[in-house]
Structures are given as structure tokens and as C-alpha cells.
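Reckoned from all heavy atoms, side chains included, excluding hydrogens, waters and symmetry mates. Below, chains carry the letters A, B, ... as their sequence lines are ordered, and counting in each starts from 1.
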Amino acid sequence: MKQLVSNLTKNFQVDLDASINSGQVFLWKKINSKWYGIDGENVLVLEKNSKFDQSEKTLFNFFRLDDDFKKISYELKKDKIVRKAIELNPNLRLLRQNPFQCYISFIVSSNSNISNIQMSLHKLCKKFGKKVIIDGFDLFLFPKPNVIAKASITEIQKCGLGYRSKSVKSASLSVMNGEIDFEHLKKLDYYNAKRELTKISGIGNKVADCIMLFSLEKLEAFPLDRWMLRILQKYYTKEFKISTKTITEKTHENLHDRIVQHFGCQAGYAQQFLFKMERELHKKKWL
DNA sequence: ACCTGACCTCGTCT
DNA sequence: AAGACGAGGTCAG
């Protein structure tokens with residue numbers, strides 16, 4: 001196992017810019033060609049083509065080097081559009097995030113946009129997270145559940161979360177009282193994990209899928225946001241025939257089943273490549 | 001079951 | 001310059 005880890009990190013082939021800039025993570029900053037990222041209580045510092053400061057195990061996990069990407073990519077490329085999307089960003093990777101941070105981040109993301117999400121989460125860290133100094137920079141770790149849970153809604157609101165503040169606090173309380181247990185959710189199957197997550201105020205289908213895909217090992221999760229629906233309408237009219245902008249609960253479940261049938265049980269990977277491709281078409285700069 | 005509108009906040013466009 | 005619009009949704013009615 002240790003040997004395997006060494007081999008994989010030695011051949012570390014991840015496009016950091018593409019992966020970080022693909023809507024998965026929000027607390028990364030590039031300073032002097034070095035990336036600094038907050039993942040829960042860890043700070044990841046990454047520089048292209050250089051030795052990494054982190055333990056190999058941390059990197060191995062975060063970049064999902066345990067996935068057999070060659071095999072996954074081979075399977076995904078059976079779909080022509082996904083093939084093209086992978087060719088455009090061959091070293092884009094799914095990231096395995098700290099579950100609590102991911103959970104709060106996507107509750108904050110709803111009906112918002114990237115820059116607002118980044119700003120809100122940064123403020124949340126600055127206000128409630130522990131400060132660490134790395135390379136002379138002040139960085140703030142993601143707050144622990146108990147800190148947000150006991151904060152007042154007014155205090156949380158000062159981070160610019162608006163009406164989401166209430167959900168962020170109660171979602172943190174749910175973690176504290178054990179109603180949400182990430183390790184347990186990892187063990188559940190997709191549908192049961194989703195049922196548990198959507199009980200939480202502020203978590204609907206899309207947010208639940210993001211949390212499951214990015215932090216709970218549910219690779220069949222396929223977040224259906226406006227962009228994805230547009231993509232399905234644009235490239236997959238025959239396969240999925242999406243008509244409306246918003247989809248109903250029933251349609252959603254049915255659509256997800258067909259998506260997994262079409263893209264396979266690693267559909268979440270396909271989603272990430274498709275999403276990245278389409279966003280780049282629109283030449284949006286995120287960072 | 002499906003449909004509609006309101007919702008914090010911030011940047012952009014008129 | 002002030003007001004409308006919409007942004008990686010969710011929820012109530």
C-alpha cells in the first residue's frame with residue numbers, strides 16, 4: 001500500500017488550476033503560483049512541478065488517487081460528448097473534500113454565485129475558524145461544527161449568507177446532535193444517504209448530490225443545476241429530452257436513474273467534465 | 001403531484 | 001445614479 005501511494009504521487013498528474021476552478025471547492029487562493037487551500041482543519045499547499053509539503057496520504061485522499069482513473073476515463077469516453085470534455089481537461093479530477101465543509105459550502109451555494117459563495121465562506125472562516133500562518137500569510141481553517149452551531153444567526157449573517165444563515169446554523173446543530181453523521185452516510189447507499197441529507201433545511205436534490213459526490217463517496221451522484229440541465233438539453237436531447245428549466249421531484253428521480261444508466265455508476269465524474277467544458281465555453285473567470 | 005413566487009446579497013447592466 | 005436582473009436552489013403555499 002505504501003509503495004502504491006509513493007508510485008501514484010510520484011506520477012502526480014493533476015491539473016490543479018482546472019480541478020480547483022471547476023466549482024467543487026471555494027476556499028482556494030493562488031499566491032505567487034502556489035495554491036493554498038482550506039479543507040476542514042487542513043491547509044493544502046500545492047505548487048506545480050515541485051515537491052509537496054503535505055503527507056502523501058493527504059494528497060492521495062484529496063485527489064482521489066485511489067480511483068483507477070484510467071479505467072474510469074475509458075468507461076466514460078464511450079459517450080462522445082464526455083470524451084470531448086475529458087480531452088479538453090484530461091487532468092481535471094474530482095476532489096474528496098472534508099464532509100462538514102462541503103456540507104456547509106453547498107448549503108451556502110444555493111441560489112448564489114461563485115464569487116459570493118467564496119466571499120461568504122471566507123468570512124465564515126475568518127470569523128469562526130482558527131487562524132494559522134503559512135508562508136507568512138494568515139489563513140483561516142474551516143470552523144468546527146460546534147462553533148457554528150452555537151453562534152447566533154445574527155453573527156452568521158454578518159458573513160453575507162443572508163437567509164441561508166438559519167440553515168447553516170441548524171445544519172451544524174444537526175451534526176452536533178448526531179442527526180447527520182458523515183461516516184454513517186458514507187456507508188449508506190445513494191438513495192438512503194440522499195433521504196437523510198434532504199431532511200436538512202437548505203438541502204434539496206442538487207445540494208445533496210454535491211455533498212454526496214464531493215465528500216461522501218457517492219460517485220453516482222449527478223448534481224443537476226441550471227448548467228447541467230442546459231448541457232443535457234444541448235447535447236442529449238434524444239437521450240433525456242429535458243423541456244423545462246426547473247424539474248419536479250418525480251422527474252428528478254426518474255432522470256437520475258436514466259443518467260446513471262447512460263453514463264454508468266461513475267456518472268459524477270462525467271458531470272464534472274461536462275460542467276467544466278461548458279463553463280469554459282462561456283469563458284467565465286472564477287479566480 | 002405539479003406549479004409559482006419569494007428569498008439575502010452582490011456585481012453587472014441600463 | 002438608482003433600479004432591475006440573475007446567479008451552480010429551496011421551500012411553502
Given Watson-Crick or G-U pairs with both distances under 3.5 Å, what dot-bracket string fits DNA chain B, with | for other-strand pairs and [ ] for crossing?
..|||||.||||||
Which part of the nucleic acid, if any, lies within reach of [X] when heavy atoms closer than 4.0 Å are counted: base, sugar-phosphate only, or nothing?
{"X": "A:I203", "value": "sugar-phosphate"}
{"X": "A:L224", "value": "nothing"}
{"X": "A:K206", "value": "base"}

Separation of [X] atom [atom1] from [N] atom [atom2], in whole Å?
{"X": "A:W227", "N": "C:dG6", "atom1": "CH2", "atom2": "C1'", "answer": "12 Å"}
{"X": "A:I211", "N": "C:dT10", "atom1": "CD1", "atom2": "P", "answer": "9 Å"}
{"X": "A:L229", "N": "C:dA7", "atom1": "CG", "atom2": "P", "answer": "13 Å"}
{"X": "A:I114", "N": "B:dT12", "atom1": "CD1", "atom2": "P", "answer": "15 Å"}
{"X": "A:F26", "N": "C:dA7", "atom1": "CZ", "atom2": "P", "answer": "16 Å"}
{"X": "A:R279", "N": "C:dA7", "atom1": "CZ", "atom2": "P", "answer": "10 Å"}
{"X": "A:I117", "N": "C:dG9", "atom1": "CD1", "atom2": "P", "answer": "9 Å"}
{"X": "A:M228", "N": "C:dG9", "atom1": "CE", "atom2": "P", "answer": "12 Å"}

The test is side-chain hydrogen bond (donor to acceptor under 3.5 Å, both in side chains); show your working for A:W35 and A:D17 and say whether it passes.
CA-CA 9 Å; A:W35 280 110; A:D17 290 45; 3.2 Å; yes
Quick one: list whatever passes side-chain contact (heavy atoms from CB on, under 4.5 Å) with A:K131, sequence neighbours left out.
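In terms of side-chain contact (heavy atoms from CB on, under 4.5 Å), with neighbours along the sequence ignored, A:K131 is linked to A:I133, A:D138, A:F140.
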Between A:Q271 and A:T198, name the one whose nearest nucleotide on DNA chain C is closer to the 5' end.
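Its nucleotide being nearer the 5' end, the pick is A:Q271.
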Please state whether the rings of A:W227 and A:F275 are parallel, tilted or perpendicular, taking 30° and 60° as the class boundaries.
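Rings of A:W227 and A:F275: perpendicular, as their planes differ by over 60°.
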Which word best sums up how the rings of A:Y236 and A:F240 line up, parallel for under 30°, tilted for 30 to 60°, or perpendicular for over 60°?
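Because their plane-to-plane angle lies in the 30° to 60° range, the rings of A:Y236 and A:F240 count as tilted.
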Near DNA chain B, under 4.0 Å by heavy atom, which residues of residues 101-113 of chain A?
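Residues of residues 101-113 of chain A under 4.0 Å from DNA chain B: A:N111.
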Where along residues 150-172 of chain A does a heavy atom come under 4.0 Å from DNA chain B, residue by residue in number order?
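DNA chain B contact set from residues 150-172 of chain A: A:G160, A:L161, A:G162, A:Y163, A:R164.
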Sole residue of A:Y190, A:F106, A:F222 in side chain to side chain contact (heavy atoms under 4.5 Å, CB included) with A:D209:
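Option passing the side chain to side chain contact (heavy atoms under 4.5 Å, CB included) with A:D209: A:Y190.
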Exactly one of A:S120, A:C159, A:S165, A:S167 should register a side chain to side chain contact (heavy atoms under 4.5 Å, CB included) with A:V108. Which one does?
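Of A:S120, A:C159, A:S165, A:S167, side chain to side chain contact (heavy atoms under 4.5 Å, CB included) with A:V108 is met by A:S120 alone.
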Given the P atoms of C:dA1 and B:dT9, what is the spacing between them in whole Å?
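Approximately 24 Å lies between the P atom of C:dA1 and that of B:dT9.
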When rounded to the nearest Å, what value does the distance between P atoms of B:dC8 and C:dG13 take?
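The same atom, P, in both gives a distance of 14 Å.
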With sequence neighbours excluded, what pairs up with A:N32 under the side-chain hydrogen bond (donor to acceptor under 3.5 Å, both in side chains) test?
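Once residues adjacent in sequence are excluded, A:N32 has no partner under the side-chain hydrogen bond (donor to acceptor under 3.5 Å, both in side chains) criterion.
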Test side-chain contact (heavy atoms from CB on, under 4.5 Å) on A:F214 and A:V25 and set out the steps.
CA-CA 9 Å; A:F214 301 140; A:V25 290; over 6 Å; no
Under the side-chain contact (heavy atoms from CB on, under 4.5 Å) criterion, do A:E280 and A:N89 qualify, and how do the steps go?
CA-CA 10 Å; A:E280 293 212 320; A:N89 287 285; 3.6 Å; yes
Tell me yes or no: between the side chains of A:N42 and A:D39, is some donor less than 3.5 Å from an acceptor?
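No, A:D39 and A:N42 have no side-chain donor paired with an acceptor closer than 3.5 Å.
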Can you tell which of B:dC2, C:dT10, C:dA7 lies closest to the side chain of A:V207?
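The closest nucleotide is C:dT10.
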Provide the full list of salt bridge (charged side-chain N to carboxylate O under 4.0 Å, His left out) pairs with a residue in residues 156-168 of chain A, sequence neighbours left out, each pair given once.
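For residues 156-168 of chain A: A:E155-A:K158.
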Is it true that A:M119 and A:L139 fall in one hydrophobic cluster, defined by side-chain heavy atoms closer than 4.5 Å?
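No; tracing contacts between hydrophobic side chains, which count when under 4.5 Å, never links both residues.
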